[in-house]
Amino acid sequence: MAVTDSCDSLSPGLASCSQSRAEREAMGVVVTGPGSFDPALLPPMPPAPTTVNLDVTTLCALISEVSNGDPTRPELQQWAQRVVHWRDCLASEQQEPMLSRLQPFLENKSLIVSKAAVTQFTKLMQQFGGSKERQRWQALQETLTVFHPDASMQSLTNATDLQPSVATSCTPRAPQTATFVYSAGRVIGLQAISNPQKEVFALGDDQHALTLTANSKACEFAARQGVRLEVSIHRAVWLTGM
């Protein structure tokens with residue numbers, strides 16, 4: 001039984017004000033209160049993540065002309081007028097630049113990305129990316145390690161080029177690659193979340209990394225199912241074709 005170290009909190013017959021702390025503790029009463037808690041007994045705080053996992057939405061934010069160009073440029077202004085989400089995106093960029101928002105998370109960190117995110121983002125680049133955005137993507141890939149899920153998940157991810165072992169970069173412009181254990185993680189059983197998105201979250205879990213994403217709904221779905229992820233959520237940014 002635990003009580004606070006106050007006479008008013010002691011029930012009749014349990015202890016009295018005349019009893020010393022030692023006498024009460026000898027009766028099996030755990031005394032808490034001012035001066036009774038030793039912070040040294042707490043386990044040490046875990047270190048901050050040194051690895052950052054990039055979701056496909058974060059790749060968009062890092063590559064887009066919206067976050068890398070001048071949001072007041074007429075070309076960007078004309079682009080934004082076509083879709084209300086794009087207009088809101090550009091207005092938000094003028095108020096809070098996205099790269100400034102993300103930089104503290106990326107600085108001096110190891111950057112990783114799942115194969116599913118790379119595959120999905122490559123398709124987006126082919127459809128919507130412009131020349132400047134493609135150049136940024138090529139440069140960013142040199143700083144990334146691309147993780148493939150373990151071989152047991154090949155059919156689930158519909159990937160045909162998964163690597164069964166760690167491989168290092170062979171060419172200057174190719175990202176490093178590695179594998180991670182997906183099938184044994186807590187994310188694989190989540191419902192209402194796409195397989196590529198689960199692969200992103202599973203990678204963050206496996207590598208004890210902070211995952212950056214704009215997919216707040218997927219994070220909420222995971223939390224409702226009892227899986228709380230180490231994530232930082234940012235606003236969505238679209239590719240512009242510039």
Side-chain angles (χ1 to χ4, degrees), residues 52-71 73-90 92-93 97-99 102 106 111-149 153-163 167-180 182 193-204 211-218 233-242:
V52 174
N53 178 31
L54 306 181
D55 180 74
V56 62
T57 56
T58 306
L59 295 177
C60 287
L62 293 173
I63 297 303
S64 173
E65 183 69 10
V66 171
S67 47
N68 287 272
D70 180 359
R73 276 175 48 202
E75 296 89 345
L76 276 174
Q77 293 290 332
Q78 292 174 5
W79 165 83
Q81 295 307 310
R82 294 162 55 190
V83 178
V84 64
H85 296 306
W86 297 354
R87 186 165 63 248
D88 293 342
C89 174
L90 196 61
S92 297
E93 179 66 23
M98 176 55 72
L99 295 185
L102 296 178
L106 304 174
L111 303 182
I112 64 175
V113 64
S114 72
K115 177 59 179 177
V118 170
T119 299
Q120 186 177 2
F121 185 69
T122 299
K123 292 178 180 178
L124 290 175
M125 286 295 298
Q126 291 172 347
Q127 290 182 285
F128 307 110
S131 59
K132 292 181 181 179
E133 291 167 335
R134 291 192 180 94
Q135 290 174 4
R136 294 188 193 104
W137 173 226
Q138 188 175 34
L140 179 60
Q141 288 183 80
E142 297 180 29
T143 70
L144 304 176
T145 299
V146 180
F147 277 78
H148 304 252
M153 299 308 297
Q154 290 189 29
S155 59
L156 180 61
T157 56
N158 295 319
T160 58
D161 58 345
L162 300 183
Q163 303 293 328
T168 56
S169 176
C170 298
T171 61
R173 304 199 68 81
Q176 292 186 340
T177 62
T179 58
F180 74 101
Y182 179 12
I193 299 176
S194 69
N195 289 329
Q197 188 64 60
K198 286 196 288 187
E199 185 179 318
V200 171
F201 290 154
L203 173 59
T211 297
L212 299 181
T213 180
N215 196 342
S216 58
K217 287 187 177 180
I233 300 173
H234 57 81
R235 70 177 183 270
V237 179
W238 280 262
L239 297 175
T240 66
M242 298 182 191

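Below, each value reflects all heavy atoms present in this structure, side chains not excepted, and no hydrogens, waters or symmetry copies. If you read the sequence from its start, that first residue is 1, and numbering goes on from there.
Interatomic distance, CZ of Phe128 versus CE of Met242, reported as 14.5 Å (0.5 Å rounding). Taken to the nearest 0.5 Å, the CD atom of Gln135 stands 11.0 Å off from the CD1 atom of Ile63. Put simply, NE2 on His234 and OG on Ser92 are 13.0 Å apart, with the number rounded to the nearest 0.5 Å. Between Thr179 atom OG1 and Leu203 atom CG the span is 10.5 Å, to the nearest 0.5 Å. From Leu90, atom CG reaches atom CH2 of Trp238 across 11.5 Å, with rounding to the nearest 0.5 Å. Taking CG of Asn53 as the reference point, atom CG of Leu212 lies at 8.0 Å (rounded to 0.5 Å).
Qualifying salt bridge (Lys or Arg N to Asp or Glu O under 4.0 Å) partners for Lys132, counting only residues two or more places apart in sequence or in other chains: Glu65. Residues forming a side-chain hydrogen bond (donor to acceptor under 3.5 Å, both in side chains) with Asp55 (at least two apart in sequence, or on another chain): Thr57, Gln197, Thr213.
Contact of the Leu106 side chain with the Leu62 side chain is registered, since non-hydrogen atoms from C-beta on lie closer than 4.5 Å. Under the 4.5 Å side-chain criterion, counting only non-hydrogen atoms from C-beta, Ser67 is in contact with Glu93. Counting heavy atoms from C-beta on, the side chains of Val113 and Thr58 never come closer than 4.5 Å. Taking the side chain as every heavy atom from C-beta outward, Phe121 and Cys60 approach each other to under 4.5 Å. The closest side-chain heavy-atom distance from Glu199 to Asn195 is not below 4.5 Å.
Side chain to side chain, His148 and Thr177 fail the donor-acceptor criterion of an N or O pair below 3.5 Å.
Ala218 approaches Ile193 most closely through the heavy-atom pair O-CD1, 3.5 Å. The shortest heavy-atom contact between Cys89 and Ala236 is SG-O, 3.8 Å. Closest non-hydrogen pair, Leu102 versus Ala61, comes out as CD1-CB, 4.2 Å.
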Which is it for Leu124 and Leu59 under the side chain to side chain contact (heavy atoms under 4.5 Å, CB included) test, yes or no, and what are the steps along the way? CA-CA 10 Å; Leu124 290 175; Leu59 295 177; over 6 Å; no
Should Val118 and Trp137 be marked as a side chain to side chain contact (heavy atoms under 4.5 Å, CB included) after you check the CA-CA gap, both sets of side-chain angles, and the distance that decides it? CA-CA 10 Å; Val118 170; Trp137 173 226; 4.2 Å; yes
Let me check something: any side-chain donor-acceptor pairs from residues 74-85 under 3.5 Å, sequence neighbours excluded? List them with distances.
from  : atom 1 : to    : atom 2 : distance (Å)
Glu75 : OE1    : Arg73 : NE     : 3.4
Gln77 : NE2    : Pro71 : O      : 2.7

